[in-house]
There are 2 protein chains.
Amino acid sequence: MEKTVIDIEPAASVLKLLGDKTRLTIIGLLKDGECCVCEFVEVLQMSQPSVSQHLRKLRDAELVKERKKGQWVFYSLNSDHDAFLMIEEILTFIPEQKEKLSELEKKGLRICCD
Amino acid sequence: MEKTVIDIEPAASVLKLLGDKTRLTIIGLLKDGECCVCEFVEVLQMSQPSVSQHLRKLRDAELVKERKKGQWVFYSLNSDHDAFLMIEEILTFIPEQKEKLSELEKKGLRICCD
DNA sequence: TGCATACATAAGTGCATGCTTATATAATGA
DNA sequence: TCATTATATAAGCATGCACTTATGTATGCA
């Protein structure tokens, strides 16, 4: 994929969205594939409405896509976004988040979403 | 320089600071060398106190260093910061800001600070 | 049909943020 | 010494933001 220059204002908007611990963790989790809302709630140890509201911001900015399957909604990174490469690059600087998901599995809490 | 992993929380803090049009522009300008406050004021077309307050946030986070020379204060990127490499990487995705400085010079407004 | 589950949305609240105006500090130069 | 220039800081204000609680919506299943 070709590296695109992102204007200051949209770039700042994306960075602002990433500039929140919760959302940065969400994006970090999505690096390794899609997740459903209930997984975020478990991993982040936050209320469901709070998580939903963060996801809405990310979706409004089109940083993530949603896929509905049954009663679940799966979120994933939107690789078509202008800032996708920048986000991927940023994610190389933060710790792997998928470990949190495997811990979930150990606890048997990743029961939903299949 | 060795690439360091930055924990989620400090990473989010840095991204939050960059997630503002004004501060992102300031950091972009500093990529090409140090600038003094009056230059920022001219380039950004903002009030001096507002610029100073943004610089203070960047300085409090140690993203930038200051150097006093006469009545001027020159700011520069702090290459010792844990997030320096990440910031440099992010800057490769946004437009060059130094053009704004050369425009200043054309206008003869980069008179101070020598 | 009715209940449970997964998720979204709305409304309210407290705190953070970015600006403005006014003033302080510090260096320079007449 | 006094005015000027460069910068910082303080206080006030309007807006934004992240949370909570309460409720709405949609799907699945007995």
Starting from [atom2] on [N], measure out to [atom1] on [X] and report it in whole angstrom.
| X | N | atom1 | atom2 | result |
| --- | --- | --- | --- | --- |
| B:Arg23 | C:dC19 | CZ | P | 8 Å |
| B:Lys21 | D:dG16 | NZ | P | 16 Å |
| A:Leu55 | C:dT9 | CG | C1' | 14 Å |
| A:Leu58 | D:dC17 | CG | P | 13 Å |
| A:Gln45 | D:dT20 | CD | P | 12 Å |
| A:Phe40 | C:dA8 | CZ | C1' | 15 Å |
| A:Gln48 | C:dT9 | CD | P | 11 Å |
| B:Asp20 | D:dG16 | CG | P | 14 Å |

Tell me whether the OP1 or OP2 atom of [N] has a side-chain N or O from [X] closer than 4.0 Å.
| X | N | result |
| --- | --- | --- |
| B:Lys57 | C:dG18 | yes |
| A:Ser47 | D:dT20 | yes |
| A:Arg56 | C:dT9 | yes |
| A:Lys16 | D:dC17 | yes |
| A:Ser50 | D:dC19 | yes |
| B:Arg59 | D:dT9 | yes |
| B:His54 | C:dC19 | yes |
| A:Tyr75 | C:dA6 | no |

Charged N-O contact under 4.0 Å between A:Lys31 and A:Glu96: yes

Answer yes if the side chains of B:Lys100 and B:Thr25 hold a donor-acceptor pair under 3.5 Å, and no otherwise. no

Looking only at the side chain of [X] (C-beta and beyond, no hydrogens), which of the listed nucleotides [options] gets closest?
| X | options | result |
| --- | --- | --- |
| A:Gln71 | C:dA8, D:dT9, C:dA6 | C:dA6 |
| B:Trp72 | D:dA8, D:dT7, C:dT9 | D:dT7 |
| A:Thr22 | D:dC19, C:dC7, D:dT7 | D:dC19 |

So which heavy atom on B:Leu24 is nearest to which on A:Ile8, and how close? CD2-O, 3.8 Å

Residues that A:Glu62 engages under salt bridge (charged side-chain N to carboxylate O under 4.0 Å, His left out), provided they are two or more places apart: none

Looking only at N and O atoms, is any donor in the side chain of A:Gln53 or the base of D:dT20 less than 3.5 Å from an acceptor on the other one? yes

Per the side-chain hydrogen bond (donor to acceptor under 3.5 Å, both in side chains) rule, what does the pair list look like for residues 74-87 of chain B, sequence neighbours excluded? B:Glu66-B:Tyr75

Could you go through A:Leu91 and A:Ile94, starting from their C-alpha distance and side-chain angles, then the distance that decides it, and tell me whether this counts as side chain to side chain contact (heavy atoms under 4.5 Å, CB included)? CA-CA 5 Å; A:Leu91 290 180; A:Ile94 67 167; 3.7 Å; yes

Heavy-atom nearest nucleotide on DNA chain C for B:Gly19 versus A:Glu66: which residue maps closer to 5'? A:Glu66

